2 protein chains.
Amino acid sequence: MNAEIVEKLRGHGIQPSAQRVAVAEYILATDEHPSAERVLARVKRRFPMVSRATVYNTLNLFVEKGLVQQLVLTGGRVVFDPWVEDHHHFIDEATGKIHDIPWDAIEVKRVDRLKGFDVRKFHVVLKGRRRG
Amino acid sequence: MNAEIVEKLRGHGIQPSAQRVAVAEYILATDEHPSAERVLARVKRRFPMVSRATVYNTLNLFVEKGLVQQLVLTGGRVVFDPWVEDHHHFIDEATGKIHDIPWDAIEVKRVDRLKGFDVRKFHVVLKGRRRG
DNA sequence: TATTACTTTAGACTTAGTCTAAAACTTAAT
DNA sequence: ATTAAGTTTTAGACTAAGTCTAAAGTAATA
Ligand SMILES: [Mn+2]
Ligand SMILES: [Mn+2]
Ligand SMILES: [Zn+2]
Ligand SMILES: [Zn+2]
């Protein structure tokens, strides 16, 4: 069982069961912003007996413990993102793919000056086509 | 049947049936960013026989014709917004309420300079608490 | 009127996600 | 080692959002 992953889970207060390590091995390494159903399919490849409930429970636990974040960008499904620090997202309207945009690539001003709103966090959601 | 609404529907190439006018009367006037289920409940008050399929069909038609826009901001449900011009959204984490933020209240820079991305549109999603 | 096109309807179906209660597995205590 | 207690996993029931279908109802056309 991947020792580095085991340590990372323990470091976030998560008991490293075999199933949780399997989920973590995939979700912490990917950049594809997968849905829970996609994580389930991936984990099943190597761990055919894993249940849907375990994958959902595990992902929700990871979110609660700050190991990944949950994003709601497009209809119907929540996706998960191992990049938990602030960044923006670009959605390719042709493919549906979600791309990460570094925080400093975009400048957002006057958010603190909104009257009547206590902004705790924000991010920019961009849509268009990947070029090149 | 509300003549102003009828004209607005015709102006967007939509046949103004009684059900469509009922949906439009609610959705074009509200600022609460309702879900389809909420629209269904509201329309049923005055039009008890309306079906779920009709409300969904009608909302999808309105989106297609540019009368309202669809937003995906929080888990599980799409919401509809009669303000179709560019603006941002603030989500009150305590209540779940979605608030409109005028486009000019926030300044977003360098979006056109993103290498490899053809940005067609974007908006800022803010989260926190309503103050006051 | 007859024909055609469009719209609505009930309910079946699908998909994402939650919940439950039992089984399996860990850990700690005798 | 044995037991007990706590934790995790599991299958499958359940819920909620949304789509699809095929028939019935309306409206426009000839
Ligand atoms: Mn962390
Ligand atoms: Mn319009
Ligand atoms: Zn990301
Ligand atoms: Zn809005």
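Just so you know, these numbers come straight off a predicted model, no measurement behind them. To find a chain, count down the sequence lines: A is the first, B the second, and so on, and within it residues start at 1.
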Sorted by number, the residues of residues 24-33 of chain B with heavy-atom contact under 4.0 Å to DNA chain C: none
Return the set of residues passing salt bridge (Lys or Arg N to Asp or Glu O under 4.0 Å) with R77(A) (not counting sequence neighbours), or none when no residue passes. none
Go through the structure and list residues passing salt bridge (Lys or Arg N to Asp or Glu O under 4.0 Å) with R129(A), not counting sequence neighbours. none
All side-chain contact (heavy atoms from CB on, under 4.5 Å) counterparts of [X], not counting sequence neighbours:
| X | result |
| --- | --- |
| P82(A) | L28(A) |
| A3(B) | none |
| A22(A) | V43(A), F47(A) |

So, does R20(B) use its side chain to make a donor-acceptor pair with the main chain of Q15(B) at under 3.5 Å? yes
At 10 degrees resolution, what angle do the end axes of the helix from dT1(C)-dA30(D) to dT30(C)-dA1(D) form when each is taken over five base pairs? 10°
Salt bridge or not between R38(B) and E32(B)? Use side-chain N to carboxylate O under 4.0 Å.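 Salt bridge between R38(B) and E32(B), a charged N being under 4.0 Å from a carboxylate O: yes.
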Hey, does the Lys NZ or Arg CZ of R131(A) hover above the aromatic six-ring of F117(B), less than 6.0 Å from the centre and inside 45° of the axis? no
Determine all donor-acceptor pairs shorter than 3.5 Å in which one atom belongs to a side chain in residues 104-111 of chain A; sequence neighbours excluded.
residue: E107(A); atom: OE1; partner: R110(B); partner atom: NH1; Å: 3.1
residue: E107(A); atom: OE2; partner: K109(A); partner atom: NZ; Å: 3.4
residue: R110(A); atom: NH1; partner: E107(B); partner atom: OE1; Å: 3.1
residue: R110(A); atom: NH2; partner: D104(B); partner atom: O; Å: 2.6

N/O contacts under 3.5 Å, protein versus nucleotides 5-9 of chain D?
residue: dT8(D); atom: OP1; partner: R20(A); partner atom: NH1; Å: 2.9
residue: dT9(D); atom: OP1; partner: S17(A); partner atom: OG; Å: 2.3
residue: dT9(D); atom: OP1; partner: Q19(A); partner atom: OE1; Å: 3.3
residue: dT9(D); atom: O3'; partner: Q19(A); partner atom: NE2; Å: 2.8

When you list every nucleotide of DNA chain C with an atom under 4.0 Å from a heavy atom of chain A, which one comes first 5' to 3', and which comes last? dA16(C) to dC19(C)
Step by step, work out the side chain to side chain contact (heavy atoms under 4.5 Å, CB included) result for F62(B) and L9(B). CA-CA 9 Å; F62(B) 285 5; L9(B) 295 191; 3.9 Å; yes
So which protein nitrogen or oxygen atoms get under 3.5 Å of nucleotides 13-19 of chain D's nitrogens or oxygens?
residue: dA17(D); atom: OP1; partner: R77(B); partner atom: NH1; Å: 2.5
residue: dA17(D); atom: OP1; partner: R77(B); partner atom: NH2; Å: 3.1
residue: dA17(D); atom: O3'; partner: G76(B); partner atom: O; Å: 3.4
residue: dG18(D); atom: OP1; partner: V78(B); partner atom: N; Å: 3.0
residue: dG18(D); atom: OP2; partner: Y56(B); partner atom: OH; Å: 3.2

Please tell me if the side chains of K8(A) and E4(A) come closer than 4.5 Å, counting only heavy atoms from C-beta onward.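 Heavy-atom side-chain distance check fails, nothing below 4.5 Å.
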Under 4.5 Å side-chain heavy-atom separation, chaining through any Ile, Leu, Val, Met, Phe, Trp or Tyr, what else clusters with V125(B)? Say none if it is isolated.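 Same cluster as V125(B): L71(A), L73(A), V79(A), I91(A), I98(A), V125(A), L71(B), L73(B), V79(B), I91(B), I98(B).
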Find the distance between CD1 (I27(A)) and CD1 (I5(A)) and round it off to the nearest 0.5 Å.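 CD1 of I5(A) is found 11.0 Å from CD1 of I27(A).
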Under the salt bridge (charged side-chain N to carboxylate O under 4.0 Å, His left out) rule, what do D92(B) and K97(B) come out as? Steps first, then yes or no, please. CA-CA 5 Å; D92(B) 187 318; K97(B) 269 192 87 161; over 6 Å; no
What orientation do H89(A) and H123(A) show, parallel under 30°, tilted 30 to 60°, or perpendicular over 60°?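 Aromatic pair H89(A)/H123(A) classed perpendicular.
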